[in-house]
Q: 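Quick one: the structure is below, and I'll ask about it shortly.
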Amino acid sequence: MKQRCKGVPSDAAHLPVLTEFLREFWSAADLPPAQAAAFELALEEVFMNVVMHGSPAGTTPWVEVSLSLTADALTMTVEDSGPQFDPLSLPPPDVTATLAERRLGGLGVFLVRQVMDTVSYHRVGARNRLRMTKHIAG
Amino acid sequence: MNVRLETLAQTTLVILEGRLDFGSAGGFEKQLEQVLAGAGTVPAAVIIDCSALDYVSSAGLRVFLLAVRKSQHAGISFSLCSLKPAVREVLDLSGFSRIITVHADRATALAQAPPGRA
């Protein structure tokens, strides 16, 4: 089992740092390239959610991303020190809405749920913890 | 992400290369606004060529949605073409492939583009 962790402030400028962290883990663990996109997408959506909606004005919560690989699955955990917020409580967007009716709220979290096998939220002490797991084909 | 523009008659081709993520979405939104406003003449059709686009997130989908709405108001035909599988998947999962016209390739998109205004 391989495990890695990376921490950054919740600032959009640090998104490339996290993406690079994920890519390095991916190539070091020799994981199938075709499956990287789902994790890159989930990482961006979850991190940007914390930056845009989980960081009250004047504060910069700390965000920690950890990757944990088992024989057939990868778990990505994103923890932040922002105010308590469960992104999974957001109502899903209506993906059948017409162009005029279509709203963008909740789309990022919706995509995360679609591309991951399981997603769970827990408030742990003073931190939000979002855990995402997906099967990795050998 | 690199953005390149090509004009064919009254159609503007917007050729994307790289990643349409949160970091690039803001700049792309401004470029697309300029294309839709038309520098001199407003195009009859705008085709976003995604053959070299590797990645799109909800930040990119937002730009597409705003652009397709603006196009509709301005009477401009707006479509995407040549999506890679990873990009196609995000469009499908989000339901965006129902509200944005997507063509298999550039030739099909050009053939479907309106001939332009008299």
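A note on names: the letters A, B, ... follow the listed sequences, proteins ahead of strands, and every chain is numbered from 1. Every value quoted in this text rests on a predicted model; they were computed, and no experiment measured them.
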Q: Can you say whether A/A38 sits under 4.5 Å from chain B via the side chain, the backbone, both, or neither, judging by heavy atoms?
A: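 No part of A/A38 comes within 4.5 Å of chain B.
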Q: Report yes or no: do B/L110 and B/L5 belong to one cluster of Ile/Leu/Val/Met/Phe/Trp/Tyr joined by side chain heavy-atom distances under 4.5 Å?
A: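 No, no single cluster joins them.
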Q: Working to the nearest 0.5 Å, report the span between OG of B/S58 and CD of A/E44.
A: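 One finds 6.5 Å between OG of B/S58 and CD of A/E44.
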Q: Where along residues 11-24 of chain A does a heavy atom come under 4.5 Å of chain B, listed by residue number?
A: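 When heavy atoms of chain B are the reference, residues 11-24 of chain A contributes A/A12, A/L15, A/T19, A/R23 within the under-4.5 Å range.
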Q: Looking only at heavy atoms, what is the nearest atom pair of A/E45 and B/S57, with distance?
A: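 That would be OE2-CB, 3.4 Å.
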Q: Indicate, with yes or no, if A/V112 and A/M52 share a hydrophobic cluster defined by side-chain heavy-atom contacts under 4.5 Å among Ile, Leu, Val, Met, Phe, Trp and Tyr.
A: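 Cluster IDs for A/M52 and A/V112 match.
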Q: Over all heavy atoms of both residues, which pair between A/V95 and B/S94 is shortest? Give the atoms and the distance, please.
A: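 Closest pair (atom of A/V95, atom of B/S94, distance): CG1-O, 3.4 Å.
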Q: Can you name the closest pair of heavy atoms from B/Q72 and A/L99 and give their distance?
A: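 Closest heavy-atom pair between B/Q72 and A/L99: OE1-CD2, 3.4 Å.
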Q: For atom NZ of A/K6, is the number of surrounding heavy atoms from other residues, nucleotides or ligands below 6.0 Å larger than 12?
A: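 It does not: A/K6 NZ has 12 such atoms or fewer within range.
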Q: What part of A/L111 is in contact with chain B, defined as an atom under 4.5 angstrom from a non-hydrogen atom: side chain, backbone, both or neither?
A: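 Side chain only.
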Q: Should B/I47 and B/L66 be counted in the same cluster of Ile, Leu, Val, Met, Phe, Trp and Tyr side chains packed under 4.5 Å apart?
A: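 Shared cluster, no.
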Q: Which bit of B/R62 comes within less than 4.5 Å of chain A, counting heavy atoms only: side chain, backbone, both or neither?
A: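 Both backbone and side chain.
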Q: With a sphere of 6.0 Å drawn around CZ of A/R123, does it hold more than 12 non-hydrogen atoms of other residues, nucleotides or ligands?
A: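 Enclosed.
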Q: Within residues 78-91 of chain B, which residues come under 4.5 Å of chain A, heavy atom to heavy atom?
A: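 The list, in residue order, reads B/A86, B/V90.
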Q: What pair of heavy atoms forms the shortest contact from B/R69 to A/A100, and how long is it?
A: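 Looking at all heavy atoms of both residues, the closest pair is NH2-O, 3.6 Å.
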Q: Are A/Y121 and A/F39 co-members of a hydrophobic cluster defined by side-chain heavy atoms under 4.5 Å apart?
A: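 Yes; A/Y121 is reachable from A/F39 via cluster members.
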Q: Hydrophobic cluster membership, with links at side-chain heavy-atom distances under 4.5 Å among I/L/V/M/F/W/Y: are A/L43 and A/W62 in one?
A: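 No; A/W62 is not reachable from A/L43 via cluster members.
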Q: If you measure from CG on B/D92 to CD on A/Q114, what distance do you get to the nearest 0.5 Å?
A: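 It comes to 11.0 Å.
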Q: With side-chain contact (heavy atoms from CB on, under 4.5 Å) as the test, would you mind laying out the steps for B/V56 and A/L41 before giving the verdict?
A: CA-CA 8 Å; B/V56 68; A/L41 180 67; over 6 Å; no
Q: Any pair with a residue in residues 57-72 of chain A that passes salt bridge (charged side-chain N to carboxylate O under 4.0 Å, His left out), sequence neighbours left out, goes on the list, sorted by first then second residue, please.
A: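 The answer is A/E64-A/R127.
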Q: If every non-hydrogen atom of B/L93 is compared with every non-hydrogen atom of A/F110, which pair is closest and at what distance?
A: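 Scanning both residues completely, I find the closest heavy atoms to be O-CE2, 3.2 Å.
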Q: Pull out the residues in residues 13-24 of chain B that come under 4.5 Å of chain A, heavy atom to heavy atom, sorted by number.
A: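 Within residues 13-24 of chain B, the residues that come under 4.5 Å of chain A (heavy atoms only) are B/R19, B/D21, B/F22.
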